[in-house]
Amino acid sequence: MKKLKINKAYFATYFSIAVIICLMLIFTVMEKSFINASNINNLLSDTAPLMIMAAGMTPVILLGSIDLSIGAMCSVSNVLVVSLIMKFKDTIYADWFIMLVTFLTTLLFSVVGGIILGSIHAKLKVPSFIASLAFMSIWNSAALLISSSPISIPKKLWGTIEWYKISIGPLGYPLIIAFLIMIGYYVILTRTPLGRGIYAIGANERAARMSGISVDRIKIAVFAVNGFCAALGAIFLMAKAKSCAPTVGDSFTLMVISAVVLGGTALIGGSGNILNTIMGVFVVSIIKNGMNIVSINVYWQKIVFGLVVLIAIAINTDRSSRSFIVK
Amino acid sequence: MKKRRLMAVMLAGTMVVGLLTACTDSSKVSSTSTESTSDSSKTEGTDTGAEIADFKIDASQIPQEKLDTTLYVACSIRGLENPYIATIADGMDMFCEYLDSIGQKYEKQVLDSGGSNDVEIDNMKQFAAKAGGNAIAYADPNESAIAPSLAEAMAESGGYLGTAWNKPDDVGPQDYDPNWVIHTSADNVANGKATAKALFDSMGGKGKIFVIEGMLGNTASNSRVEGLEEALAEYPDIEVAHQDTGNWATNEALTLVETWLNDTPDVGGVWCANDNMATGALQALDAKGLKGKVGVTGIDANPDIVEGVKDGSVIATVSSNGYLQGGYTLAVCYAVWTGLITTEELPENYRTFLTPAIMITKDTVDDYVTEYVDSIPEYDFSDIWYCKADK
Amino acid sequence: MSRKNILFSAENITKSFHGTQALKGVNLEVHEGEVIGLVGENGAGKSTLMKIIIGVQPQTSGEMHLRGQAFQPHDPLEANAQGIGMVYQEQSLITTLSVGQNIFFGHEKDFMRMGVVNWKKMYAEAEKVLSEIGCGDINPRKRVIDLNFATRQMVEIAKVVNVTKEASADGKCLILLDEPTSVLNETEVKRLFQEIRKLTAKGHSVIFVSHRLDEVLEISDRIYVYKDGENAGNMDVADATEAVLYERMVGRETNTEYYHLDKQVIPEKEVVLEAKDLGCRGKFKHVDVRLHKGEILGFCGVVGSGKEEICSVFCGDEKPDFGELFIKGRKVQYSSPYQALNDGIIMIPMERMIEGVVRGLSVEDNIALSNAGKLSKGGMVSRKRVSEQALEWIRKLRIKTSGKEELVIQLSGGNQQKVVFARVLASEADIVILNHPTRGVDVGAKEEIYKLIRDMVAGGKSVILLGDTLDECIGLSNRVLVMRDGLITGELDASVDAKPSQVSIISMMV
Amino acid sequence: MGEKNQAALSIREEFAAKVKADNRREKLMKWAPVGVLAALILVFCILKGSSFLSLSNLSAILNQWSLPLLVALGLTFVIMIGSIDLSIDGTVGMVGSLTAIFVANSKNTANLGIIGLLLAVLCSVVIGFLVGVIHVKFKIPSFMVSFAFMNICIGIGMLSYSGKPATIRDPLMMAIPKASFLGIPVITWIALAVLALCFYIQEYTPFGRHVYAVGTDETIPKAVGINVNRIKIKVFTLAGFCYGVAGIVGALRLGQGQIAIGTDQMFPAQAAVVIGGTALTGGKGGVMNTVVGTLIMTVLINGLTMMGVNPNIKTGIQGVIILIAVIFTIKHGATVISK
């Protein structure tokens, strides 16, 4: 009995690992350079922004909510941080100081943005799907208003983003930060009253409220942290591309949510965990990376991606409880 | 300074039209190039320049070991929905045929960014990692800002990259020696201006126009609009009735023109930043029975727009000649990879330069069709500098 | 009575879920024109058997016969077609549709003409069906969401009657009623029973499942008692009394000291909760309440008298429109139960399955829900303390579970309730509002709960009690407040030797 | 005692008044989307006057309305059963691309005419069916299935013309977008026909009723013996049909088949459906709500475009209006649960 339960709890994780191993085997057989050091290095470092945003999205989905504005929030933060850096272009401040000020301002902005969205969702009872959809439009506009065109960071300020290249062994700095955030979230979700509240709200909001859990506050906090993660992802993207673009986050929204769900976190909330999200993120990145490495015809890439996602989620979905309603 | 340069380009553009009509016999399309000068034109005329200009790939000089190494060839593009972009991939295929002919072992692939900066960088990194130094690539950076990152991705593994269209002003191929070999561009400002002027002339120099921009914040779109604005300055009687972005998309342009036609039914012309949007504008005009009466211009030379030029509903479009861009950029990179040429030998104006564009108007359309539509042009890729507009 | 033809029989039905046996081989025989009462504790297997009969889930082994022929429905529709219909414990009406559409839900084809549903005809038919069961006053065009629960229940019965009526043209039909009276008031129950008698007079049969033994005794011809998934008795109603049934169900005699009166304590002077002229628009008004430390304060009143709403205000779930609330002498204004809990007030909600437990979480996590903060050190919840606490309460309340990690959803209904109690008790709140604490709880568990309540008070807590029955309210409380139409109409002392009579309270309630 | 009776009476009256007020509010809420639409029209009339109300602009609005309406109609049913469909961008684009290569066109020699259109719609119907089947049979959330199919369909669409979109040459097909009947564009008539079909399905077939039931509480129809899975599959198939017609309309309007026909259709459609008053939780709303919702979005975009509002702000304004519309039309209160 006990064994059965453990199996169930980590069902998604086991299958995700299986999916990842299968994918890696297939790609390696097709093109052995898939497994070479520099590609694995790429795979690991390029995953960082997606990983961070997925970390932020996981508790949102655990709540049973959804945040479609994450991509747009990423865009607006991305543009904001670079335009702030540009303000310092002709000053004499040290790189680290510029970095600190601009990053903190951007992160603060995103947290405030998250709080506004969270408050509208929690206090005014607007479904998160539609509230965040509206905010998607608003942030998109904001990003374009801050800068309608991409800005490159001038060469003399490249010092502000050199940290992105630092790596310890095969793990790049960004991925280490992403993992740290993941660990942080793991601790929060499993070990703190906040985390238990998140699961309880996701599984039964009414009961959670009646149990004396501060539902609104937790929701707002989760959305705030989600905004933070989006901004951090945006800063990574900025460092990676040495520039910003007002549409940079667009493609992330669905990708992030898919990665979380692919990991096995249920969209209706209340079940799933952060480890699964890591797996989900790797499934998505490996598919994308692998398809390029084995040079699948571009016209076919989307089709293959769709099919592999479908197969992965089909393997990964916990269907053990028959009565479960899937929406 | 910039203005003057543009004027020169414009002049050259109009000359080309004339030239094109004059000489159509040659199977080589040497005469269809738009002459222009580049930023670095000052160095022109030096001895090295002349020597370099005559450089040709001599297959016999390529070491056998290089020929036997698998060379990874790629073009990194924004997505294959757009006919122009598809011709770049075709250009790569044509270059690969050349590689076949000289016995080079290779593998080719298309990297599709789907319009995302991040994906494009990731793709390039992955491609470079896989090739481990034996790589040449053409990249059309999604935004100018990411060109250095693409170059950096290539530099890390030692491959060779040529970019087109977009790069930041303060960074160039020299910053990533030797891996960022060249950067080329069709002259967006000139093209935007040329089509605008053709449109205004067709309207008799006065009247109202609609302006449909490309994606907000896109360099190509901004430069083309810049060209348009320059043309507007020269034609004071032209009034812009409406201006908005169509996001490069046909349906959005359709919606825009449909809406605008209601309060400005007396519009004289529609200027579009690319042909996809021109298709939409045409469709909206057609629905109101104004097709052929209200002139439309675009850029890219999509098949349907070229046809439109033929039947008179489109005033002008410009072909940036993706075959040439894709194929020759790779050819230059190939020459560097084989070691036949080194980046140090290349003066600045051989690292960053303009590629020839082909203006298509009613007068030139037939030649264009015979040359590029009914047959695929043939290129001699050993003559790597053929793609240089000022050669 | 049982000399009539056998309509339906089930022999040796077993059913196992996830390795646990819900039914260990039960038998049931229904004759034509008979009302069968089916009683048993929570988890005895009543509902499981109902679901098997109606075809929602198949049995693991055993056979069923209908009119002498083997009967094995694959879905409820098939059961319906053969004359078996069921009214569910959970409300099974679609609230966004109208009454008529609900009654004929799944049978719209009968009203199709040229691919279009003839609504007019359907509503006319619905009116007929409703008046047949004596509910002609319900407008079939009304949306279900606009009806109260009692009316909904009648609609539900109308729906089942309609379904089975069709099949009964040639034979007799069988209607399963699973806890149909739980949301009905007394007059409505009466009406329901009339309806049942009308049905049986026509030769149809009914299986009636309920926790209320008095009702079962009133309506049934024959009673089956199940215990732990096995037959524990089968008797004619003439041979049955509440005591007999109770004994069969729990296997022991009723404790004479049912309410543990010996443990009733005299409250202290200290007022822990005071309401002054509290009011909620359209719900209650002019409510003045004082709750002393160590007191059990009972609220009596019919459904809709406002007692539920007062509790919602006390525990912070609703905001009052007028008046003031003082907790331990401090004026408060709550906007969420979270704030109330901080002041030591918590409620055990009535709908425990919906509001009380998070069924997707484990037993230990549920128990720790209301006091996670207290179990944490430096912001981290100690897993050890959570599981220690869970084990303690599992032992104390005798919660039947395979382990503290078991998900609550896998427990039986009664045990889920116990988990709620464990959570509330573990929360260390000192003012506990008990909203129908014994609703849906079997007799054995009831007694345990009474004992718990006594222990709580003895431990210095104060309790506001909304009793499931009047008897319970009187028996447990130190003081009883009677409510009617949103007003307090009486206050009665209920100390050990001066318990008021039910009659005196009822006179103030209605 | 007398005084207390008085008070009791007033409680009852209060309660009755409250219920009445709630009912009135709810009824008012039902009409709120219509109010928003009216307000928008009024604002644009005042600001832009005759040109906004001109016949040609009204016809343009109808024309622009057709495609979002078709897409949103299909989505309405999906949302009513509480599911979600992300495949829109892909299916619409795919059908648009396929339409152009099935009828007489500049790319190949196929000339299937009307049959080509049917074939194209069939493709999306099959996709919808597959989404539904995989969703219910494998118990995969519709979010993920439709996300996968969005990618697959975009792939198929792109593959079908390989970078060089086909221009429609069929004279009939070329005439349709220009034609109008009774002053209303034929394309709008097509959309209205599908609207009528959807309304009929919703109101007059058992299936329509069952859709509401599945959205409200799946266990109920299950208990009555209705095959919930089949209903869901039917809903996705119907949605596929609507997207298919939308794809054809898009292709005809453009005169060309390209994947961009479907681009960015999905999120506005979701917004339109919800603004119209269909609840994301399922079971509430309907086709007519969607009509209003899509009209709000179309009029808004049309008006903003006519006023020449800075395109950068345009999407932001849309977002704010979505937010306002939803905040005013949903139930608040402590006990409401919104996810």
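Chain identifiers are assigned alphabetically (A, B, ...) following the order of the sequence lines, protein sequences preceding nucleic acid strands; residue numbering begins at 1 within each chain.
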With only heavy atoms counted, which part of [X] is less than 4.5 Å from chain A, the side chain, the backbone, both or neither?
X: D:Phe147; result: side chain
X: D:Leu86; result: side chain
X: D:Ile134; result: side chain

Are A:Ile130 and A:Leu133 side-chain neighbours, meaning at least one heavy-atom pair lies under 4.5 Å?
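In short, these two side chains touch, coming nearer than 4.5 Å.
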
Closest-packed option against chain D by number of heavy-atom pairs under 4.5 Å, given A:Ala142, A:Ala131, A:Ser141:
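It is A:Ser141.
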
Which residues pass the salt bridge (Lys or Arg N to Asp or Glu O under 4.0 Å) test with D:Lys234, sequence neighbours left out?
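For D:Lys234, no residue satisfies salt bridge (Lys or Arg N to Asp or Glu O under 4.0 Å) once neighbours in sequence are set aside.
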
Please tabulate, one pair per line, all N/O donor-acceptor pairs under 3.5 Å involving side-chain atoms of residues 246-260 of chain A, not counting sequence neighbours.
residue: A:Thr253; atom: OG1; partner: A:Gly71; partner atom: N; Å: 3.3
residue: A:Ser258; atom: OG; partner: A:Leu254; partner atom: O; Å: 2.5

Side chain to side chain donor-acceptor pair (under 3.5 Å) between A:Ser110 and A:Ser77, worked out
CA-CA 7 Å; A:Ser110 65; A:Ser77 306; 5.0 Å; no

